Amino acid sequence: MAQKPSIPKGTRDFNPAEVAKRNYIFDKIRTEFKKFGFQPIETPSFENSDTLMGKYGEEGDRLIFKILNSGDFLKKANSQAYETKDSLKITPSISEKALRYDLTVPFARYVVQHQNEIDFPFKRYQIQPVWRADRPQKGRFREFFQCDADVVGSKSKWQEVEFIQLYDAVFSALKLKEVSIKINNRKVLSGFAEVIGEKDKIIDFTIALDKLDKIGEEGVIQEMLTKGISENAIKRIQPIFNLKGNFTEKIAGIKEILRDSEIGKEGIKELEFVERAIAEIPLKTATLDLDVTLARGLNYYTGAIFEVSAPKNVKMGSIGGGGRYDDLTGIFGLKDMSGVGISFGLDRIYLVLEELNLFPEAVTHNTKALFINFGDQEALYALKAVNRLRAENIIAELFPDDTKMKKQMNYANKREIPFVILAGDKEIQAEEFTLKNMKSGEQQQVDFAELVKFLS
RNA sequence: GUGGUUGUAGCUCAGCUGGUUAGAGCGCCGGAUUGUGGUUCCGGAGGUCGCCGGUUCGAACCCGGUCUUCCACCCCA
């Protein structure tokens, strides 16, 4: 070992069992995406920096992986920024490309660029990795997969209803219970800011509010005060810190507060619309919860905001999120294109399923039967059978080397291959096979037709 | 980006206030068992103690740096 190899911080290798489990999740998500009528697209792993920079806020810019220009990039570098060691300033002059940070902005770019070939409303899904230069933690990686479904070109609130149904469908398919789909509306948050006369501080206000379940009422108030929101203002919206009850009861609670805010009332109307529809078409396993403190989201959400939390007993951040953005494509020059979408965090869902032991046993098992290799003549006989089994869609393989049987059996055992097939002189003579069940240890001599029957 | 934390065999971990040749379990390889795996028994291989430097007669152990892990903040899937 000359040098211990390693992979970059926050990235991972996946072994066959892990890939199988990941694919299991991918399959379920993809199946539901298709069932709901979404169509797949893919975009490059890296984009022009201009496409990404400035779309996720200051924090986001910092977390975008920049790609160094090729060639003698220092020659073209901003020399003034180089002299003063100003990293922020020098970056655009030495890096023109950046790794995809999420799937929504590239999608917006895609829509604008291909607007003339797209039939609106356009429902697309996209399952690809994204990269963030974040400091890794549990459930937080520098390379991870997002599974997004979005609709652009429709303002209909039925889409919000559909996405909630889609969340429910996926988590039902994954047999993941007690998932909570939290919903809020940006207009309600705007209403709050308006009512307390701090409209220009809406970002600070919502960020502080979002931390309610983490730092508590006291903490939130403290943070709001330090952000310059007046004590009086805070008093006026204090009731929202203690909203109790079901969806309808919470709505009633904020109606009072937002009585004088047009935008706030609009938000309430939208929430009520969604709630009523879901009441008529009940969810299978997930629950829909109103959370007026939910402020997640990139600054482009304008209407509904979604966040999906894992079951309470699992310590994991959100496993999905989404919302409506009325003007996402506007930044790329296409006005009036409302979009709404959701995202599934594949890697986090994986950790949750793993922790709750929800992966089906069969996911990792592949090869059904292994033929023991007794030598060239026998191997040829075996390989012929392997070929015929494959034609029957049965996964079979021949052990490549003519080694000791113990070794070959051991291999089958470790790989958890359920059947081993032995074919030596006497089987070849009879044109049969000895089929051994590795679990029970039983074995019997059968012809090919019976072999197929046992292995299908 | 800020603060903390972790790193010893393939894996999980021992290793005393610094003191000769760094241990265990599991796994791996070989044999008992040349057409029968899982169990048992016997034997064996495998470690620049994350990396670089410093202190010391002497460093896995102390100090500094760096990388990595996990955690909190920030933010998020």
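Every chain is numbered from 1 and lettered A, B, ... according to where its sequence line falls, protein lines coming before strand lines. Computed from a prediction, not measured in an experiment: that's the story for all the values here.
Ring geometry for A:Y125 versus A:F33: interplanar angle of 30 to 60°, hence tilted. Ring geometry, A:F163 versus A:F38: the interplanar angle falls from 30° to 60°, so the pair is classed tilted. Using bins of under 30°, 30° to 60° and over 60° for the plane-to-plane angle, the ring pair A:Y167/A:F306 lands in the perpendicular bin.
You'll find that the side chain of A:K214 is closest to B:C75, out of B:C70, B:C75, B:U36. Set against B:A77, B:G30, B:G35, the side chain of A:R132 has B:A77 as its closest nucleotide. Comparing B:A77, B:C74, B:G35 by their nearest atom to the side chain of A:M405 picks out B:G35. The side chain of A:K414 approaches B:C29 more closely than any other nucleotide in the set B:C29, B:U36, B:A77. Taking every side-chain heavy atom of A:Q443 into account, B:U36 is the closest of B:U36, B:G37, B:C29.
Nucleotides B:C74 and B:U2, compared at atom C1', are 9 Å apart to the nearest Å. Rounded to a whole angstrom, the distance from the P atom of B:G30 to that of B:U66 is 46 Å. When the P atom is used for both B:C73 and B:C11, the distance is 31 Å, rounded to whole Å. As rounded to the nearest Å, B:U17 and B:C13 have C1' atoms that lie 23 Å from one another. B:U20 sits 15 Å from B:C49 when the P atoms are compared, rounded to a whole Å. Using atom C1' as the reference point in both B:A59 and B:G19, the two lie 10 Å apart (nearest Å). When the P atom is used for both B:G47 and B:G10, the distance is 7 Å, rounded to whole Å. For the C1' atom pair drawn from B:G27 and B:G65, the interatomic distance equals 36 Å after rounding to whole Å.
For B:G35, its base never sits under 3.5 Å from the side chain of A:E378 at any donor and acceptor pair. Residue A:R135 places no side-chain atom within donor-acceptor reach of the base of B:C74, judged by atom type and a 3.5 Å distance cut-off alone. Residue-to-nucleotide contacts include no donor-acceptor pair under 3.5 Å from the side chain of A:R62 to the base of B:C74.
The residue A:G60 sits apart from the nucleic acid: no heavy atom pair falls under 4.0 Å. As judged by a 4.0 angstrom heavy-atom cut-off over every strand, A:N373 is placed among residues making no nucleic acid contact. If you check every strand for non-hydrogen atoms under 4.0 Å, A:E307 touches nothing. Within the nucleic acid shown, A:F141 comes within 4.0 Å of at least one base atom, counting heavy atoms only. Across all strands, A:K211 comes closer than 4.0 Å only to sugar-phosphate atoms, never to a base (heavy-atom distances). Across all strands shown, A:K436 has heavy atoms under 4.0 Å from base atoms, whether or not it also approaches the sugar-phosphate. Using a 4.0 Å heavy-atom criterion, one finds that A:I207 contacts the sugar-phosphate atoms exclusively. Residue contacts for A:N410: at a heavy-atom cut-off of 4.0 Å it reaches the sugar-phosphate backbone alone, with no base atom in range. Backbone-only contact: A:G10 has heavy atoms under 4.0 Å from sugar-phosphate atoms and none from a base. Looking at heavy-atom distances under 4.0 Å, A:G320 makes contact with sugar-phosphate atoms alone, never a base. At the heavy-atom level, A:L422 lies under 4.0 Å from base atoms of the strands shown.
Considering only side-chain N and O atoms, A:K406 lies nowhere under 4.0 angstrom from the phosphate OP1 or OP2 of B:G37. Residue A:Q408 has no polar side-chain atom (N or O) positioned under 4.0 Å from OP1 or OP2 of B:G37. Between A:K404 and B:G31 there is a side-chain N or O to OP1 or OP2 distance below 4.0 Å.
Rounded to an integer number of Å, the gap from NZ of A:K182 to P of B:C76 is 14 Å. Between A:I421 atom CD1 and B:G35 atom C1' the separation is 15 Å, expressed in whole Å. Atom pair A:R142:CZ and B:A77:P shows a separation of 17 Å (rounding to whole Å applied). At whole-Å resolution of the value, CD in A:E143 and C1' in B:C76 are 17 Å apart. Here the P atom of nucleotide B:G1 and the CG atom of A:D61 are 15 Å apart, to the nearest Å. Whole-Å rounding puts the A:Q137 CD to B:U68 P distance at 15 Å. Atom CD in A:E58 sits roughly 15 Å away from atom P in B:G1 (whole-Å rounding). The CZ-P distance, from A:R348 to B:C76, rounds to 11 Å in whole Å.
Outside the 6.0 Å centre-distance limit, the rings of A:F454 and A:F419 are not counted as a close aromatic pair. The ring of A:F65 has its center no closer than 6.0 angstrom to the ring center of A:Y101.
Where RNA chain B pairs in unbroken runs of 3 or more (Watson-Crick or G-U, both distances under 3.5 Å), the stems are B:1-4 with B:70-73, B:10-13 with B:23-26, B:28-32 with B:40-44, B:50-54 with B:62-66.
By the salt bridge (charged side-chain N to carboxylate O under 4.0 Å, His left out) test, A:K123 pairs with no residue at all, sequence neighbours left out.
Exactly one of A:E427, A:E450, A:K426, A:E432 qualifies for a side chain to side chain donor-acceptor pair (under 3.5 Å) with A:Q445. That residue is A:E432. A:D347 pairs with exactly one of A:R142, A:R22, A:K138 by the salt bridge (charged side-chain N to carboxylate O under 4.0 Å, His left out) rule, that one being A:R22.
Ranked by how close their nearest RNA chain B nucleotide is to the 5' end, A:T434 and A:F344 are led by A:T434. Judged by closest nucleotide on RNA chain B, A:G441 is the one of A:P8 and A:G441 placed further toward the 5' end.
The closest donor-acceptor contact from the side chain of A:T206 to the backbone of A:I203 lies under 3.5 Å. For the pair A:D168 (side chain) and A:L283 (backbone), a donor-acceptor distance under 3.5 Å is absent.
Residue A:F144 and nucleotide B:A77 are classified as a stacked aromatic pair, their ring centres being separated by less than 5.5 Å at an interplanar angle below 30°.
Residues in residues 316-331 of chain A take part in these salt bridge (charged side-chain N to carboxylate O under 4.0 Å, His left out) pairs, two or more places apart or across chains: A:E160-A:R324.
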